[in-house]
Number of protein chains: 2
Amino acid sequence: MTTGGAPTVETIAERAGVSIASVSRVLNGHGGRPDTVTRVERAAAELGYVPNAVARSLKGGRSMQLTFAMQDIGNPVYVSMVREIQAITKAHGYRLLLHSTDAVVEDELAVLRSLADRTSDGLVICPLRITPEHLEALRTAAQPVVVIGSLPEDAPVDSVRADSVTGAEKAVRHLVETGRRRIAFVNGPADTVPGHNRQRGYRRALADCGLGLDPSLVATTDFTIEAGVRAVHELLEADPSVDAVFCANDQLALGAAQALHTRGRRIPEDVAVVGMDDTSLARASWPLLTSVDLGSAERGRIAAEMLLARITERDSSSRAPVRSETVTPRLVVRASSGPVRRGAEEETR
Amino acid sequence: MTTGGAPTVETIAERAGVSIASVSRVLNGHGGRPDTVTRVERAAAELGYVPNAVARSLKGGRSMQLTFAMQDIGNPVYVSMVREIQAITKAHGYRLLLHSTDAVVEDELAVLRSLADRTSDGLVICPLRITPEHLEALRTAAQPVVVIGSLPEDAPVDSVRADSVTGAEKAVRHLVETGRRRIAFVNGPADTVPGHNRQRGYRRALADCGLGLDPSLVATTDFTIEAGVRAVHELLEADPSVDAVFCANDQLALGAAQALHTRGRRIPEDVAVVGMDDTSLARASWPLLTSVDLGSAERGRIAAEMLLARITERDSSSRAPVRSETVTPRLVVRASSGPVRRGAEEETR
DNA sequence: TTGAAAGCGCTAACAC
DNA sequence: GTGTTAGCGCTTTCAA
């Protein structure tokens with residue numbers, strides 16, 4: 001039936017005077033007599049035919065769509081992941097679906113469950129916390145899932161994690177080595193995986209360096225600029241001897257810098273500031289922010305590749321063991337730390 | 001057939017001892033005898049049934065997906081749009097597909113054309129430039145499209161635009177009113193729509209205020225932090241009398257602030273800085289950045305609503321005329337401008 | 001090489 | 001209220 005709607009294989013078939021099977025074959029490059037090929041291709045071009053991807057998905061069982069779920073696209077750390085994942089999925093012919101979960105467990109679980117609706121061929125997810133429900137949902141996921149973040153050893157899911165314990169250690173060591181002794185720590189919620197690990201790294205580094213842990217130098221708040229501002233005001237109010245502030249992410253660090261500026265403390269002469277994630281904010285701050293690159297872009301890339309590998313594997317009956325990669329953190333020293341300022345930007349391993 | 005695969009209406013029907021039609025009805029809330037309803041619901045729950053959204057899309061002709069295409073998710077102005085669009089589409093039961101076009105015309109056109117593949121029920125797109133090919137593609141788009149940006153009067157597409165001419169005017173006037181006279185302008189590419197309009201606003205405001213246009217105070221570069229740094233160094237090198245820098249977006253403004261800090265110029269005492277877009281960067285900068293809010297979140301919201309309206313309308317045969325809304329810019333005065341510093345943050349209309 | 005036909009999973013007429 | 005059935009647009013056997 002040649003309705004007024006969009007052209008279908010049938011429309012093309014009529015116009016080219018062949019069967020719909022031939023149309024499909026030609027359009028998918030499965031051969032045909034030169035004559036047939038020409039006629040079909042011309043008919044398709046003339047009608048501006050575009051295959052219905054939904055019908056194709058239903059038939060083929062793959063949607064050619066992948067999903068990325070993160071807490072909030074407003075956090076630049078996710079932006080760099082999205083950018084990377086987007087590039088890779090696009091290169092492989094997949095579209096990218098985006099989900100903001102606001103770290104609401106229910107939303108995260110809903111995303112996991114919705115994998116069963118066949119809309120998406122796989123998922124990359126960044127859960128801030130891991131509950132038993134998460135593990136159960138991961139176990140029973142209807143499509144391949146890759147987690148960006150830390151998972152229990154026996155979780156049956158591929159994952160890429162940042163080594164934020166080591167990352168935090170590097171930051172604190174760097175501060176100690178450059179002469180700081182009263183190193184405050186501004187952390188996000190301690191019941192999140194990142195918050196927990198960054199705290200461990202801070203403690204470990206202090207211990208290794210022979211510095212005691214002073215609980216009054218530790219603030220636990222949210223992962224935002226505003227929280228960073230408040231926390232540093234309070235820390236300095238309580239203890240003016242602070243000579244460095246280590247922040248659990250760049251947003252907190254930007255807030256810290258603002259509070260210090262407001263109080264007339266010079267960075268880094270009076271107080272050094274170090275952030276984490278090495279997001280675009282580090283290069284937006286004044287002075288340029290020293291930050292620990294936890295490999296967000298790389299984690300995004302690896303996650304996307306792991307996911308694509310699982311999807312490919314699905315066709316080939318073999319099943320690789322669960323993979324778990326850890327990205328090595330890298331301290332990027334910039335002007336906000338260090339005893340001397342030697343230039344605009346300097347990077348070390 | 002009860003295969004080992006995912007449960008389908010047929011699986012449920014068998015288990016509940018009813019027909020697939022009853023299953024469909026119950027699951028879609030189209031009534032049924034209480035007894036039937038119970039049995040179907042229980043069977044569905046026991047099997048963990050999730051409807052195949054692809055099959056549903058094929059049948060219903062709607063994918064319940066919307067697409068957002070922008071230049072680069074790394075620009076915070078798009079982040080706030082995405083966030084808003086995401087929230088609205090989600091509330092209406094739609095998923096959001098993301099596309100980064102890198103402002104490549106070919107990519108933008110490809111997104112437009114791919115609307116014909118039925119994957120998406122509509123598109124919000126932010127083209128930086130509008131070519132004749134764009135207009136043609138918009139005219140022939142297979143699904144509703146809303147453009148965020150300026151379009152010719154007769155373009156047959158809904159659009160939301162920022163009034164960046166007025167926005168730029170407000171910024172420049174504010175600088176003049178607070179006593180600035182040598183107002184430099186750091187712009188993005190002049191052949192983009194935003195670049196063009198912001199330049200018009202700058203010129204108009206100078207003229208209105210009786211200040212002459214000094215071409216040596218205008219720099220044209222890219223919309224990035226690094227470009228802002230370079231441009232301001234060059235401007236000040238050439239003319240140290242500059243007492244204000246108006247930047248065509250916040251990223252340029254952050255760059256400007258860095259260059260000024262590096263050169264030991266105090267902000268705002270020596271040089272005032274004003275940005276545009278009022279992104280999260282404005283609150284990440286030191287001092288807090290005065291910026292013109294061009295309503296990115298609001299444009300996102302309006303665009304999403306316009307799109308949903310068009311989609312709804314498709315069912316109801318009526319066709320509303322093409323809409324074109326303009327969002328009123330709002331100057332948000334913060335510490336980086338103004339003769340006096342009266343607090344951390346102060347907003348005016 | 002080609003065409004006829006089955007069927008992916010679902011919804012909605014239509015008949016009972 | 002319920003079951004039977006057609007069909008959304010496509011790919012892919014299976015025969016010819």
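Below, chain A is the first sequence line, B the second, and so on; all start at residue 1. Please read all numbers here as calculations on a predicted model, not as lab measurements.
Between the side chains of A/Thr131 and A/His134, at least one donor N or O sits under 3.5 Å from an acceptor N or O. Between the side chains of B/Ser63 and B/Ser57, not a single donor N or O lies within less than 3.5 Å of an accepting N or O. Between the side chains of B/Tyr94 and B/Arg62, a donor-acceptor pair is found at a separation under 3.5 Å.
Side-chain N/O atoms of B/Ser24 include none lying less than 4.0 angstrom from OP1 or OP2 on C/dC10. Between A/Tyr49 and the phosphate of D/dG9, there is no side-chain N or O to OP1/OP2 separation shorter than 4.0 Å. Residue B/Asn28 has a polar side-chain atom (N or O) positioned under 4.0 Å from OP1 or OP2 of C/dT11.
Set against C/dG9, D/dT4, C/dG3, the side chain of B/Val9 has C/dG9 as its closest nucleotide. Side chain of A/Ser19, nearest nucleotide from D/dC10, C/dG3, C/dA12: C/dG3. When each of D/dG9, D/dA6, D/dG3 is scored by its nearest atom to the side-chain atoms of B/Lys59, the top-ranked nucleotide is D/dA6. Here the nucleotide nearest the side chain of B/Arg33, chosen from D/dT2, D/dC10, C/dC10, is D/dT2. Minimum atom distance to the side chain of A/Ile20 is reached by D/dT11, of the listed C/dG3, C/dT11, D/dT11. Of the candidate nucleotides D/dT12, C/dA13, C/dG3, C/dA13 has the atom lying nearest to any side-chain atom of B/Arg25.
Counting any heavy atom pair closer than 4.0 Å across all strands shown, A/Val54 reaches no nucleic acid atom. Using a 4.0 Å heavy-atom criterion, one finds that A/Arg118 contacts no nucleic acid atom at all.
The separation between B/Ile12 atom CD1 and C/dT11 atom C1' is 16 Å, rounded to whole Å. Rounding to whole angstrom units, NE2 of residue A/His30 and P of C/dT2 are separated by 14 Å. Rounded to an integer number of Å, the gap from A/Glu10 CD to C/dG3 P is 14 Å. Atom pair B/Leu27:CG and C/dT11:C1' shows a separation of 12 Å (rounding to whole Å applied). A/Leu47 places its CG atom 16 Å from the C1' atom of D/dG9, with the value rounded to the nearest Å. At whole-Å resolution of the value, CG in A/Asn52 and C1' in D/dG9 are 6 Å apart. Atom pair A/Asp35:CG and C/dT2:C1' shows a separation of 12 Å (rounding to whole Å applied). The interatomic distance linking A/Glu14 (CD) with C/dG3 (P) rounds to 14 Å, in whole Å.
Residues B/Ala21 and B/Leu58 each lie close to DNA chain D; by heavy-atom proximity, the contact nearer the 5' end of the strand is made by B/Ala21. Place B/Val37 and B/Gly60 on DNA chain D by their nearest nucleotides, and B/Val37 ends up nearer the 5' end.
Looking at A/Met81 and A/Arg299, their side chains come closer than 4.5 Å, going by heavy atoms from C-beta outward. At least one side-chain heavy atom of A/Val26 sits less than 4.5 Å from a side-chain heavy atom of A/Glu41.
Judged purely by atom type and a 3.5 angstrom limit, A/Asp117 has no side-chain atom pairing as donor or acceptor with the backbone of B/Asn52.
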